[in-house]
Amino acid sequence: MFDKLRAHRESTKDRRIGDLFDGARFDAFSARLDDMLLDFSKTGIDATALGLLLDLARSRGVEARRDAMFAGGKINATEDRAVLHTALRNRSDDPVMVGGQDVMPGVRETLGRMSAFADGIRMGRIAAPSGKPFTDVVNIGIGGSDLGPVMAVLALAPWHDGPRTHFVSNVDGAHIHDVLKGLDPETTLVIVASKTFTTIETMTNAETARRWIESAVGDKAGGHFAALSSAVDRTQAFGIDPTRVFGFEDWVGGRYSVWGPIGLSLMIAVGADNFAAFLAGGHAMDRHFRTAPLERNLPVLLGLVGIWHNNVCGYPTRAVLPYDQRLLRLPAYLQQLDMESNGKRVALDGSTLTEASGPVVWGEPGTNGQHAFYQLIHQGTRVIPCEFLVAANGNEPDLKHQHDLLVANCFAQAEALMIGRPEADNPHRVFPGNRPSTMLLYDRLTPETFGRIVALYEHRVFVEGAIWGINSFDQWGVELGKELASEMLPLVEGGDASAKDGSTAGLLKALRDLRA
Ligand code: F6P
C-alpha cells in the first residue's frame, strides 16, 4: 500500500494544491464532529490518495485494534497491560471490562473522592492544619504527571475560580525555588503526582517541598500533602495520609493520565463540574472515533494526513500552531503524547521497522510564531506540514476585534502557505507556496471542546501507531538515560571518572576545575 501511495505521489508531485479545488473539494476533504471541523483540503491528498490511505488503515487493522483497546484487551503487549484511559472519561453506563471485571465502579468511586476533596479545598472545608484555607496548590510531577494539568489549567483559565495553581517539574532546583519563593507554606497544598512514585525529579522536589513546609509548620506538614499515583503503597511510605491519596490502575499510561487523579490540580482550579465537562468532551471524541465511518472519522483522517506527510511525502516534522493563546502548552503536551508514544524503531513483534515512525512534533501559538519561525516555513528549503487550530469565537466578547484579527491571521497563513507568491521578480521575495496545512476550527475553547481536542490528538497518535504496527503505549527509550544519570551522580560529586568515555571524562574534569 505504501508503494502505491508513493507511486501516486510521484506521479502527481508537480501538481499544485491550489489547482485541486473544483468546488466540491472543501466538503470532500473535511470532516466534522458537531461544531468541530477538520479541514485537510489544503494538502496534496486527492481522491485517489485518500482512497489508498483509507485502504491502508483498513489493511493495517486500525479498527480491530481500536476495538481491542476499548474492550480492555492487553494491547500494550510489551508491558502486558490494557490501555483504558478512555474508561476515566466514560460518561455512559456501559461497563468497561478488564480481565473479566468492570472497572467503572472503581473509576466512579475515585472520581467521587476527587470531587469531594477538590470541592472541600475550594470551599475551605478542607483547610490547612492551622485552620486557614489553602490559597495555593503546587503540583509536583513531571512528564505525563505535569504536562496535561499544566496545559489544561492554562487552557481553561476563564473557568479558574479555585485556589492559585502552580507546577514544579524540573529537578533543577531553580524551578521549585522560584515557585515556592512567592508562596506561604502555611496556606499551600502540595500534590505529589507520580504514577510510579519513584521518579527521581518528583521525589527530590517532593522532599524539598516537605522541608519547606516543615520549616513553617513542623510536625503538621502531613496536612499539606496529597498524592496521585498508581503505587499507593509508596505514597504511604512517603507519609501521605491515605485519605488524600488518589490511585489509578496500570492501564492508564502516564501521558494519558490527565483524565483521572493526575487532573486533580485542574479540578481544584476549575471545579468538578467543569472537570466533568472536560471528561464529557473526551468521551464525545471516543464515541466518534469508535462509530464514525473511517472516511468521516476525525482522528483517523488526522492520522492519515500524518502518514501522508511523513511516510509518503517524506516530511520529517510537523508544526502544531494553535491560534489560541490558552493552548500555549498544547505543543509541549503533544511532544510527549506523540513522540513518547510513537518514537519507536521496532514493530510489535520486535522486527525493525522499514517505514519511518513518529515525526518530530513542535510548535508555538500564533500569531507569535509568525514573528519568529514562519520565515522558514514559508521560504526555507524544507517543507513543514502545519496544523492550525482556531476558535470561531473567543472567550472575551468585548475583544471581538482582536479575535477577528487572530482568525484573519490564521486563515491568511494557511492561504499564503498554499498559494505562495511564486511569480515575484526578485528571488528573495518568492514564496514557492504549495505547502500543506490542516485547520481545526471549533466554536469556542470550552472545557468540553478542550476535552475533544486532547482526545482527538490521543486517537490520532493511536491511528498512526497502529498503521506502523508499533506499541504506542510503552516508553522503554527513556530508561537508559535514567540509569546512566544514577551512575553519573557519584562522579559529578567527585568520584573516579577514569572508566568513562573520553568525552564524558573530559567534561567531568572540566566540571571539577570550574568548581575548584
Ligand atoms: O520518563 C518518562 C516517564 O516515565 C513518562 O512516561 C511519565 O509520564 C513520566 O516519566 C513521569 O512518570 P511518573 O508519573 O511515574 O512520575
Side-chain angles (χ1 to χ4, degrees), residues 75-85 88 110 114 138-152 167-172 175-176 190-210 225-238 240 245-266 329-344 357-358 361 454 457-458 461-462 465 470-489:
I75 64 166
N76 176 359
T78 58
E79 295 179 315
D80 194 30
R81 290 177 184 167
V83 175
L84 276 177
H85 48 280
L88 300 175
T110 303
M114 282 170 65
V138 177
N139 184 88
I140 297 181
I142 197 164
S145 299
D146 168 72
L147 289 162
V150 169
M151 165 183 71
F167 295 90
V168 172
S169 49
N170 202 326
V171 76
D172 183 345
H175 199 178
I176 193 159
V190 177
I191 299 178
V192 185
S194 175
K195 179 177 169 180
T196 54
F197 232 71
T198 57
T199 304
I200 190 79
E201 291 92 332
T202 301
M203 300 326 295
T204 306
N205 278 320
E207 296 286 359
T208 302
R210 182 156 61 184
F225 278 84
L228 321 172
S229 185
S230 61
V232 171
D233 47 338
R234 293 199 189 108
T235 66
Q236 283 164 14
F238 188 85
I240 298 182
V245 174
F246 301 90
F248 53 101
E249 303 293 329
D250 70 1
W251 37 258
V252 179
R255 53 195 173 274
Y256 299 88
S257 60
V258 65
W259 311 95
I262 294 295
L264 183 64
S265 52
L266 172 67
R329 296 296 284 166
L330 177 68
Y333 176 83
L334 293 182
Q335 283 180 329
Q336 187 197 16
L337 177 67
D338 206 324
M339 294 161 76
E340 194 166 85
S341 297
N342 285 344
K344 307 287 163 65
S357 64
V361 179
V454 178
Y457 274 95
E458 283 179 355
V461 166
F462 177 93
I470 61 180
N471 181 3
S472 301
F473 299 102
D474 62 12
Q475 58 284 320
W476 300 105
V478 301
E479 294 304 325
L480 179 60
K482 284 186 195 173
E483 279 167 33
L484 294 188
S486 316
E487 287 172 30
M488 192 70 72
L489 182 60

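Owing to the predicted nature of the structure, the values given are computational and were not obtained by experimental measurement. As the structure lists them, so they are numbered: ligands from 1, and atoms in each ligand from 1. Just so you know, residue 1 is the first one in the sequence shown, and it goes up from there.
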Give the residue and atom name of whichever protein heavy atom lies nearest to [atom], and the separation in Å to one decimal.
{"atom": "atom 6 (O) of ligand 1", "value": "Glu340 OE1, 2.7 Å"}
{"atom": "atom 9 (C) of ligand 1", "value": "Ile142 O, 3.6 Å"}
{"atom": "atom 4 (O) of ligand 1", "value": "Lys482 NZ, 3.7 Å"}

So, does [X] use its side chain to make a donor-acceptor pair with the main chain of [Y] at under 3.5 Å?
{"X": "Asn139", "Y": "Ser145", "value": "yes"}
{"X": "Asn76", "Y": "Asn471", "value": "no"}
{"X": "Asp474", "Y": "Glu79", "value": "no"}

*Quick one: which ligand 1 atoms are inside 4.0 Å of a heavy atom on Thr199?*
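Atoms satisfying the 4.0 Å criterion: 12 (O), 13 (P), 15 (O), 16 (O).
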
*Enumerate the atoms of ligand 1 whose separation from the nearest heavy atom of Val478 is less than 4.0 angstrom.*
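Within the 4.0 Å cut-off of Val478, ligand 1 contributes 1 (O), 2 (C).
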
*Determine whether more than 12 heavy atoms belonging to other residues, nucleotides or ligands lie under 6.0 Å from atom CD1 of Ile200.*
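Not buried by this count: 12 neighbours or fewer within 6.0 Å.
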
*Return the set of residues passing ring-ring contact (aromatic ring centres under 6.0 Å, His included) with Phe246 (not counting sequence neighbours), or none when no residue passes.*
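For Phe246, the residues satisfying ring-ring contact (aromatic ring centres under 6.0 Å, His included) (neighbours in sequence not counted) are Phe117.
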
*Could you tell me whether Thr196 approaches ligand 1 through its side chain, its backbone, both or neither, with non-hydrogen atoms closer than 4.0 Å?*
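The answer is both.
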
*asked:* With a heavy-atom distance limit of 4.0 Å, tell me whether Gln475 approaches ligand 1 through its side chain, its backbone, both, or neither.
replied: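 Side chain only.
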
*ligand 1 and Gly144, any nitrogen or oxygen pair closer than 3.5 angstrom?*
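The answer is yes, given that Gly144 and ligand 1 share an N or O pair closer than 3.5 Å.
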
*What do you reckon, does Gln336 have a nitrogen or oxygen under 3.5 Å from a nitrogen or oxygen of ligand 1?*
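N/O-N/O distance below 3.5 Å exists for this pair.
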
*Close side-chain approach of Tyr256 and Val83, heavy atoms under 4.5 Å*: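 Side-chain contact under 4.5 Å: no.
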
*Could you pull out all residues at least two apart from Thr196 that satisfy side-chain contact (heavy atoms from CB on, under 4.5 Å)?*
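Testing Thr196 for side-chain contact (heavy atoms from CB on, under 4.5 Å), a comparison that skips the adjacent residues, returns Ser194, Thr198, Thr199.
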
